[in-house]
> 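Quick one: the structure is below, and I'll ask about it shortly.
Chain identifiers are assigned alphabetically (A, B, ...) following the order of the sequence lines, protein sequences preceding nucleic acid strands; residue numbering begins at 1 within each chain.
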Amino acid sequence: MRLTGYFMPTLKETPSEAQIVSHRLMLRAGMIRQASAGIYSWLPLGVRVLKNIERIVREEQDLAGAQEVLMPTIQAADLWQKSGRYDAYGPEMLRITDRHGREMLYGPTNEELITDIFQHSVKSYRDVPKMLYHIQWKFRDEVRPRFGIMRGREFLMKDNYSFDLDFAGAKKSYNKMFVSYLRTFARLGLKAIPMAAESGPIGGDLSHEFIILADTGESAVYCHRDFIDFDVLGQTIDYDGDLEPIVNHWTKLYARTDDMHDPAAFDKQVPADKQISNRGIEVGHIFYFGTKYSEPLGAVVSSAEGQPVPVHMGSYGIGVSRLAGAIIEASHDENGIIWPESVAPFHVGLINLKASDAACAKVCDDLYGKLRAAGVEVLYDDRDERPGTKFASMDLIGLPWQLVVGPRGVDKGVVELKRRRSGEREEISADAAMARLTA
RNA sequence: CGGGGCGUAGCUCAGCCUGGUAGAGUGCCUGCUUUGGGAGCAGGAAGCCGGAGGUUCGAAUCCUCUCGCCCCGACCA
């Protein structure tokens, strides 16, 4: 993409409404634009990031055996009346009346709808287990939206719902999602730590929040330092096999959010030099809730003995749009965003330091063509701007690599390859740079 | 929902107290100079001063109402 033709309205100054770093940087980088309180439009650069996050989430859901569906944003109120949540949900739920006076709502979540879909078609124990997920916009009328995209009223979320015959089955589904989440966040370049969370009236330990550590996080979290070095991507996962050992490995050490924190247990279980107490951002939440919705909504299957049994369910959420902000919170410096490779809107930024110089332009155009031909996503700054402006905006938008071509280097037959994350630069030939970027 | 604050040019803000018909920086457009970390000079375009009432000869400025947005707290993916 040539920057001269790209819609990327960057800002030199920080808009006054933005307080936290991800919000400021997303606005400055031209990723989003506020439409109203807690509601945002996504501009081209932001959409590219969002799509990358979505892609990874989707791939990992599919890998774990879940199937994608797509449920509507607007739902009829009657299912919610059946589950009892229409009254329980309160003003956070945006209620709408259609032209016929029918009560509708903009979905804040989808348990009712998915359970209804399931119960219409599934009647036998032979048809479970099933895991169905979708990635859809949701709306929660937060009293006080804030932190930009991190806590908007409208947000993009992946939610998955599992259906099993009994608790043992549900636990297997839970484990699949647990491991799937570890992989998903790791691929997004994040250190996400599963922390014991409130599981509501069901009780037990089957609820985990996946938290990333960031100083600007919204809640206090406490955990063992060894989590930082845990790795999940180095092993092959067999989702049909026993996942319990992996789950155990990731849950045996102390990790709790503020509301579950027990200072005495923390001190007892974690040596002082291994204690981390920090702020954290919740990027995912998984829980088992048994028959809470299957009973009132009639999601019942026949057991092998011919007896009707309500299915055991779990639900598993990932805040897709929130992740865009969370990744920035976890990965930036004073100059701007530092995207992990997997979600970067482009792989490399090609900077022509002197657009008016024919030799420079020749080298750049050539590199641009070759990179594109090689399938490398490249943003080519071909603007007639000063070098400082170009460096600043490229650092701001945080592409993993910068390929800098200036008259000085072109004379010597070299270009400069800069790593955004470390700031390392090296002068190498254009061919060598190509080889590096296509490796 | 309790408490606080802010709406003036795309962005950051001054002007408001003490009423006299719109400002700066930056960004944008033109030209010249410049060219390795958000340049310099000159010229230019750009605002229903959030909206509605009111007071006044006259309102960005004073009064009332209203809408929007932000911050702290409680709450939340």
Side-chain angles (χ1 to χ4, degrees), chain A residues 9-20 23-24 27-28 30 33-39 57 89-93 107-110 135-160 181 192 197-198 207-212 217-219 257-259 280-287 315-326 334-336 351-357 360 381 383-397 402 404-412 414-416 418 423 425 427:
Chain A
T10 55
L11 299 171
K12 197 162 160 183
E13 289 174 282
T14 302
S16 56
E17 75 263 20
Q19 296 298 314
I20 65 165
H23 191 193
R24 286 201 299 259
L27 288 169
R28 286 195 51 211
R33 181 168 172 85
Q34 181 164 337
S36 68
I39 303 177
V57 169
Y89 221 94
E92 266 202 349
M93 184 154 74
T109 181
N110 289 70
I135 298 175
Q136 179 63 289
W137 291 93
K138 300 187 183 318
F139 194 92
R140 288 182 195 166
D141 199 357
E142 298 282 346
V143 192
R144 189 188 159 207
R146 62 182 124 173
F147 304 151
I149 222 67
M150 295 267 288
R151 189 168 161 202
R153 291 194 290 173
E154 189 183 49
F155 52 95
L156 186 62
M157 193 162 167
K158 185 283 300 180
D159 38 318
N160 184 342
Y181 275 34
E198 293 281 2
S207 178
H208 288 90
E209 291 182 9
F210 287 76
I211 302 279
I212 64 170
E218 54 200 314
S219 53
T257 57
D258 203 20
D259 49 342
I281 300 170
E282 181 182 351
V283 289
H285 194 170
I286 61 178
F287 50 95
S315 79
Y316 316 90
I318 289 180
V320 174
S321 51
R322 164 177 282 195
L323 274 166
E334 64 280 5
N335 295 319
I351 299 179
N352 183 347
L353 281 186
K354 192 167 184 180
S356 58
D357 183 296
C360 262
D381 190 347
R383 296 175 301 172
D384 185 17
E385 289 287 350
R386 300 176 58 81
T389 303
K390 298 191 172 197
F391 289 131
S393 55
M394 203 56 88
D395 282 349
L396 174 63
I397 66 171
Q402 294 175 14
V404 182
V405 178
R408 223 161 66 188
V410 167
D411 282 347
K412 292 190 290 180
V414 295
V415 297
E416 184 179 285
K418 176 184 158 186
R425 316 147 182 251
E427 295 202 329

> Below 3.5 Å is the cut-off: list the nitrogen or oxygen pairs between protein and nucleotides 5-8 of chain B, distance only.
none

> Holding to salt bridge (charged side-chain N to carboxylate O under 4.0 Å, His left out), I want the full list of residues that pass it with R153(A), two or more places apart in sequence or in another chain.
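Listed in chain order: D141(A).
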> Hey, is E218(A) close enough to R151(A) for a salt bridge, meaning N to O under 4.0 Å?
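Salt bridge between E218(A) and R151(A), a charged N being under 4.0 Å from a carboxylate O: no.
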> Would you find a donor on one side and an acceptor on the other, under 3.5 Å apart, between the side chain of K390(A) and the backbone of N352(A)?
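Yes, the answer is positive, given that a donor and an acceptor are paired below the 3.5 Å cut-off.
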> Donor-acceptor pairs under 3.5 angstrom involving side-chain atoms of residues 10-17 of chain A: please list them, not counting sequence neighbours.
none

> Work out how far the P atom of A46(B) is from that of A24(B), and round it to whole angstrom.
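Roughly 14 Å separates the two P atoms.
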> For residues H285(A) and F287(A), establish whether the separation of their ring centroids is below 6.0 Å.
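Yes, ring centres under 6.0 Å apart.
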> Between the protein and nucleotides 73-77 of chain B, which nitrogen or oxygen pairs are less than 3.5 angstrom apart?
| unit_1 | atom_1 | unit_2 | atom_2 | d |
| --- | --- | --- | --- | --- |
| A74(B) | N6 | R146(A) | NH2 | 2.8 |
| C75(B) | O2 | R151(A) | NH2 | 2.6 |
| C75(B) | N3 | R151(A) | NH1 | 3.0 |
| C75(B) | N3 | R151(A) | NH2 | 2.9 |
| C75(B) | N4 | R146(A) | NH2 | 2.9 |
| C75(B) | N4 | R151(A) | NH1 | 3.3 |
| C76(B) | O2' | E142(A) | OE2 | 3.3 |
| C76(B) | O2 | R151(A) | NE | 3.0 |
| C76(B) | N3 | E218(A) | OE1 | 3.3 |
| A77(B) | O3' | E282(A) | OE1 | 2.3 |
| A77(B) | O3' | E282(A) | OE2 | 2.3 |
| A77(B) | N6 | G152(A) | O | 2.6 |

> So, OP1 or OP2 of C70(B): does either fall under 4.0 Å of a side-chain N or O from Q34(A)?
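Answer is yes, contact under 4.0 Å.
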> Does S393(A) use its side chain to pair, donor to acceptor, with the backbone of T389(A) at less than 3.5 Å?
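Present.
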> How far does the P atom of G23(B) sit from the matching atom of U18(B), given to the nearest Å?
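Going atom to atom, P in each nucleotide, I get 23 Å.
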> C1' atom, C67(B) versus G53(B): distance in rounded Å?
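Approximately 14 Å lies between the C1' atom of C67(B) and that of G53(B).
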> In whole angstrom, what separates R24(A)'s CZ from C70(B)'s C1'?
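Answer to the nearest Å: 14 Å.
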> When you measure from the side chain of Y181(A) to the backbone of Y316(A), do you find a donor-acceptor pair of N or O atoms at a distance under 3.5 Å?
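Yes; judged by distance alone, with no hydrogens or angles, the pair exists.
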> Distance between the P atoms of C49(B) and C28(B), in whole angstroms?
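Looking at atom P only, C49(B) and C28(B) are 26 Å apart.
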> Partner of G43(B) by Watson-Crick or G-U wobble geometry, both contacts under 3.5 Å, or none?
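Per the H-bond distance test, C29(B).
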> For the pair made of CD in E13(A) and P in U12(B), what is the distance, rounded to whole Å?
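Rounded to the whole Å, the gap is 7 Å.
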> RNA chain B: A35(A) or G406(A), which has the more 5' nearest nucleotide?
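That would be G406(A).
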> Enter the distance from F210(A):CZ to I286(A):CD1 here, rounded to the nearest 0.5 Å.
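It comes to 4.5 Å.
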> With a 4.5 Å cut-off on side-chain heavy atoms, are V405(A) and V410(A) touching?
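When only atoms from C-beta onward are counted, V405(A) and V410(A) do touch, with a gap below 4.5 Å.
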> Is the shortest side-chain N/O distance from S16(A) to OP1 or OP2 of C13(B) below 4.0 Å?
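Yes, such a contact exists.
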> Can you check the distance between G5(B) and C62(B), where both ends of the measurement are the P atom (answer in whole Å)?
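It works out to 15 Å between them.
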> In whole Å, what separates the C1' atom of U33(B) from that of C16(B)?
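Here U33(B) and C16(B) have their C1' atoms 42 Å from each other.
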> Check the distance between C28(B)'s P and D384(A)'s CG and give it to me in whole angstrom.
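Interatomic distance, CG of D384(A) to P of C28(B): 12 Å.
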> Between K418(A) and D395(A), does a salt bridge (Lys or Arg N to Asp or Glu O under 4.0 Å) hold up when you go through it step by step?
CA-CA 10 Å; K418(A) 176 184 158 186; D395(A) 282 349; 3.1 Å; yes
> Categorize T109(A) for me: base, sugar-phosphate, or nothing, with a 4.0 angstrom heavy-atom threshold over every strand shown.
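Nothing, no heavy atom under 4.0 Å.
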> Generate the contact string for nucleotides 37-50 of chain B. Rules: B means base contact, S means sugar-phosphate contact only, - means no protein heavy atom under 4.0 Å.
BBB-----------
> Scan every strand shown for a Watson-Crick or G-U wobble partner of U12(B), both distances under 3.5 Å, and answer none if you come up empty.
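WC or wobble partner is A24(B).
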> Would you kindly compare H23(A) and L353(A) by the position of their nearest RNA chain B nucleotide and give the one closer to the 5′ end?
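Closer to the 5' end of RNA chain B: L353(A).
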> Is there a Watson-Crick or G-U wobble partner for G73(B) with both distances under 3.5 Å, and if so, which one is it?
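Paired with C1(B).
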> With a 3.5 Å limit on both atom pairs, tell me what G7(B) is paired to, counting Watson-Crick and G-U wobble, or say none.
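Looking at the geometry, G7(B) pairs with C67(B).
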> Any donor and acceptor pair, going by atom type alone, linking the side chain of R140(A) with main-chain N or O of P108(A) inside 3.5 Å?
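Confirmed, R140(A) side chain pairs with P108(A) backbone.
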> Can you tell me how far CZ of R386(A) sits from NZ of K354(A), rounded to the nearest 0.5 angstrom?
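Taking NZ in K354(A) and CZ in R386(A), the distance rounds to 11.0 Å.
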> Please check this pair: side chain of R322(A) against backbone of E282(A), looking for a donor-acceptor N/O pair closer than 3.5 Å.
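Here the side-chain-to-backbone pair exists.
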> Tell me every residue that passes salt bridge (charged side-chain N to carboxylate O under 4.0 Å, His left out) with D159(A), counting only those two or more places apart in sequence or in another chain.
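Partners of D159(A) under the salt bridge (charged side-chain N to carboxylate O under 4.0 Å, His left out) test: K138(A).
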> Name the pairing partner of C17(B), where a pair is Watson-Crick or G-U wobble with both distances under 3.5 Å, or state none.
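Base-paired to nothing in any strand shown.
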> How far does the P atom of G25(B) sit from the matching atom of A9(B), given to the nearest Å?
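One P to the other, the span is 16 Å.
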> Report the distance from atom CZ of R33(A) to atom P of C69(B), rounded to the nearest whole Å.
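It works out to 13 Å between those atoms.
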> Whole-Å distance between U34(B) C1' and D357(A) CG?
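These atoms are roughly 15 Å apart.
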> Specify the separation, in whole Å, of atom CE of M394(A) and atom C1' of G36(B).
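In whole Å, G36(B) C1' lies 14 Å from M394(A) CE.
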> Provide the distance between the two P atoms, one in A59(B) and one in G51(B), to the nearest whole Å.
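The same atom, P, in both gives a distance of 14 Å.
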> Should U61(B) form a Watson-Crick or G-U wobble pair with both distances under 3.5 Å, which nucleotide is its partner?
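When the pairing criteria are applied, nothing turns out to pair with U61(B), so the answer is none.
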